[in-house]
Every structure is written in structure tokens, then in C-alpha cells.
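Whatever order the structure lists ligands and atoms in, that order sets their numbers, starting from 1.
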Amino acid sequence: MHDATAPDSVPGRDWVHAAIASLQREARRSADTHLLHVALPAFPGIDFYFKDEASHPSGSLKHRLARSLYLFALCNGRLAEGQAVVDASSGSTAISEAWFARLLGLRFTAVMPASTAPDKIRNVRALGGECELVDDPASVRARAAALARHGACFLDQFGLAEQATDWRGNNNIAESIVAQLGAEAHPQPAWIVCGAGTGGTSATIARYLRYRGLPTRLCVAEPTGGAFAVGWSSRDRSAVATRPSLIEGIARPCVEPGFLFELVEAVIEVDDVESIAAAWLLRDIVGGWYGGSSGTNLVACLQLAEAMRARGERGSIVSLLGDRGERYAQSLFDRAWLAARGLEVDAAVGRLAVRIHGR
Ligand SMILES: *Cc1c(COP(=O)(O)O)cnc(C)c1O
């Protein structure tokens, strides 16, 4: 007689268990990301810290998200052996999801805007992923959902980012930062600054700060006119971006499900040329190449620090380095590419250098 309680009565459960164990082993093999301390000459008494999320094996903070999305799909019974996996992504998430698909032996397709940096597309393909390029960036999610109706597992970064992460702990990005600051001069930062793409990072950090009863405030650094900035002040979920941005990973065209406006205490808008110049300056300040969203964060940090300095406050400000700058060698770090778009990066670098060095 068939025994409905026997472990083998759930088809495919062994594979799911093995896949989850594989993700757990990967997490265990990975070291935590560095929290880099930066002292800027113009800000005595204010410590800056940058969490190096580019140092994950798949090159960006989306490594954390991809791991969480696969675990979420597996634990919710939405992903089984041999099933194809799909998601909509402007690049970084697709690279991380392709990386984990390879780890788990699954076929992965990324639906991405045709305008995505060529290096990122190459990255996904090098990891064995397929890229389906669509002309209208606003249609990527619908296209991925359509593929899922034919049997693929839709990881759905934009729909699920905010739910898939363990916000109370499990070494999420916020718990890691707070632990790493433990012995610093100002272990409870005045501000944490991050961008909003899916909104997952800001939601996780904000929830954790409340959960732990910390006084730290959360600031979203947003390219000027991005949907988070437009919608935040009036809590308008139907807001749309008022201008496009060259900064990948953030600056969404519309309000994403993971944008939790009520958890964010400040939004600072940054023009693209300033973000790009700041990414250039990060090479001198922290000694590595980081992408445009890291530059956006740096500019917002400077603005917050200037306000602290004006009030005579001391303390610390923490931000993130979201991805590797090498991905933008042919775009944000290419003078000809910038000139073709009318971006005068050298002048912007000069302006920021004055704010950083105080002269
Ligand atoms: C996704 C992304 C962000 C924003 O993080 P979310 O958690 O998705 O809001 C910032 N920088 C880069 C490079 C990203 O890829």
C-alpha cells in the first residue's frame, strides 16, 4: 500500500534538499565582505565606511539577493529539478542569478534591456546563461513573467526582493555592517546610505535598524528624477521617473513593489555626471574600481557629512560599493563615451575633489 507519509512520497524532495544544502555550503565558503574605513580630509571627526559588495564571487551586492531568491523559490516549492529559471534584470542580478544557476545545474534566461552594458551581457553568457534582449526597458518584467507561464521558475527580483531576505539577521547586509562597526569610534552610524533598485537592500537595512533599536537613519541615494525620489515625498506609488539615468542598478522608471517609502528618512538626488565623477574618485579614495551607483552613494555621503559638519556633529556614515567598476570600462570609465553624451566628467571630478579635500 502507498504510504503518504513516507519521505519519498514527495517527488523531487531529495533534489530540493541537495540544492538548498549546496546554497548553504556556498554561503559558508564565502567570507564576509570588507567594511572599508575611509577618512576624508575635509571632515575631521566624521568616519566614512564603505561595504565592499563588489567583492562577492559574482561581483555585486546582487550575490546576496540571488542566493536569497533561489532559497526562497526552493523553500516555497516553486523550483524543482531540471526546471528552467528566468528573471528580468538590467544586468547585475542576471550575472549573480546565472552564477547560482550554474552552481545548481539549472538553465537560466535573463530578460534585459537591449541597452545593458555589453560586458554584463558577456558575463551572463560566460556563466552559461541566456540573454533575451528587449527594446523597451519597462517591459522586461512582463516578458519574464510570460516565459514563466511556459513552466520556468520566475525568480522575480523586483516582486520578491523585499520578502526573500531574512531581515532579522542570518548575516544579512545590515547585521554584517553593525557587527563590523562594533569596535569603532562611532559604532552606531548617524546614517546608512544606499541606492534603490529592487528596494531590497534599503528595506533590509531599515527593518534591521528598527529591530535592533538603533538610532541610525537610512538615506536613499537616487539619480535625479528617479522614481524612488519622485514618489518618496508624497508616498505616491504611481510615480514615474522624470528623466532617464545612465547609472545601472538604481534609478528605476517606476515605483517597484520593494520600495518601502515609510522606512526611508532622507532621499538625496544626484546628477549622473556627479555620480560618475565620484566613481572615478573612488579609485583614489579606496583603491579600486566601482560602478556608478557607488559614486551616487559617495555624493550623498558628502552631502550628509557637510550638514553634520555645519552642525558641529561627529559620527560615522556607512555606505555601499554596489558592483565592480570593470563592468563599465567601455562606458562610465571611457572618456570618449562620456564626451559623446555631453558629460564633462573632469570638471565634476574637480568639484568633488574640492569637497573631499577641503581646498
Ligand atoms: C541592484 C543594485 C543596487 C540597488 O540595490 P537593491 O537592493 O536592488 O535596491 C545598487 N547598486 C547596484 C550596482 C545594483 O546592482
> Ile250 heavy atoms, cut-off 4.0 Å: which ligand 1 atoms fall inside?
Replying inline: 3 (C), 4 (C), 10 (C)
>> Would Ala196 count as a contact residue for ligand 1, given that I'm defining contact as a non-hydrogen atom of the residue lying under 4.0 Å from a ligand atom?
In response: yes
> What atoms of ligand 1 come closer than 4.0 angstrom to any heavy atom of Asp323?
Replying inline: 13 (C)
> Nearest protein heavy atom to atom 5 (O) of ligand 1, by residue and atom, and its distance?
Replying inline: Thr201 OG1, 3.6 Å
> Between Thr198 and ligand 1, does any nitrogen or oxygen pair lie at a separation below 3.5 Å?
Replying inline: yes
> Below 3.5 angstrom, do we get any N/O pair linking Glu248 and ligand 1?
Replying inline: no
>> Taking 4.0 Å as the limit for heavy-atom contacts, which would you say applies to Lys62 with ligand 1: side chain only, backbone only, both, or neither?
In response: side chain
>> Ignoring hydrogens, what is the shortest heavy-atom contact between Ile247 and Ser275? Give both atom names and the distance.
In response: CD1-CB, 3.8 Å
> Which residue and non-hydrogen atom of the protein lie closest to atom 4 (C) of ligand 1, and at what distance in Å?
Replying inline: Gly197 N, 3.4 Å
> Should you measure from each heavy atom of Ser92, which atoms of ligand 1 turn up under 4.0 Å away?
Replying inline: 15 (O)
> For ligand 1, which atoms sit closer than 4.0 Å to a heavy atom of Ser293?
Replying inline: 10 (C), 11 (N), 12 (C), 13 (C)
> Going through the checks in order, is the salt bridge (Lys or Arg N to Asp or Glu O under 4.0 Å) test met by Asp32 and Lys51?
Replying inline: CA-CA 10 Å; Asp32 205 345; Lys51 183 86 170 141; 3.3 Å; yes
> Do Leu23 and Leu74 have side chains that get closer than 4.5 Å, going by heavy atoms?
Replying inline: yes
> Do Glu313 and Arg311 pass the salt bridge (Lys or Arg N to Asp or Glu O under 4.0 Å) test, and can you show the C-alpha distance, the side-chain angles, and the key distance before you say yes or no?
Replying inline: CA-CA 6 Å; Glu313 290 171 16; Arg311 292 190 298 263; 2.6 Å; yes
> Is it the side chain (CB and beyond), the backbone, both or neither of Leu61 that lies under 4.0 Å from ligand 1, heavy atoms counted?
Replying inline: side chain
> Strictly by modelled atom types, are Ser30 and Glu26 linked by a side-chain donor-acceptor pair under 3.5 Å?
Replying inline: yes
> So, does Trp232 use its side chain to make a donor-acceptor pair with the main chain of Phe259 at under 3.5 Å?
Replying inline: no
> Do any N/O atoms on Gly199 end up under 3.5 angstrom from N/O atoms on ligand 1?
Replying inline: yes
>> Donor-acceptor pair, distance only, cut-off 3.5 Å: does the side chain of Asp47 make one with the backbone of His186?
In response: no
>> Closer than 4.0 Å to some heavy atom of Gly200 - which atoms of ligand 1 meet that?
In response: 7 (O), 9 (O)
> Are Phe50 and Tyr290 close enough that their ring centers fall under 6.0 Å?
Replying inline: no
> Between the main-chain N or O of Gly292 and the side-chain N or O of Glu248, is there a donor-acceptor pair closer than 3.5 Å?
Replying inline: no
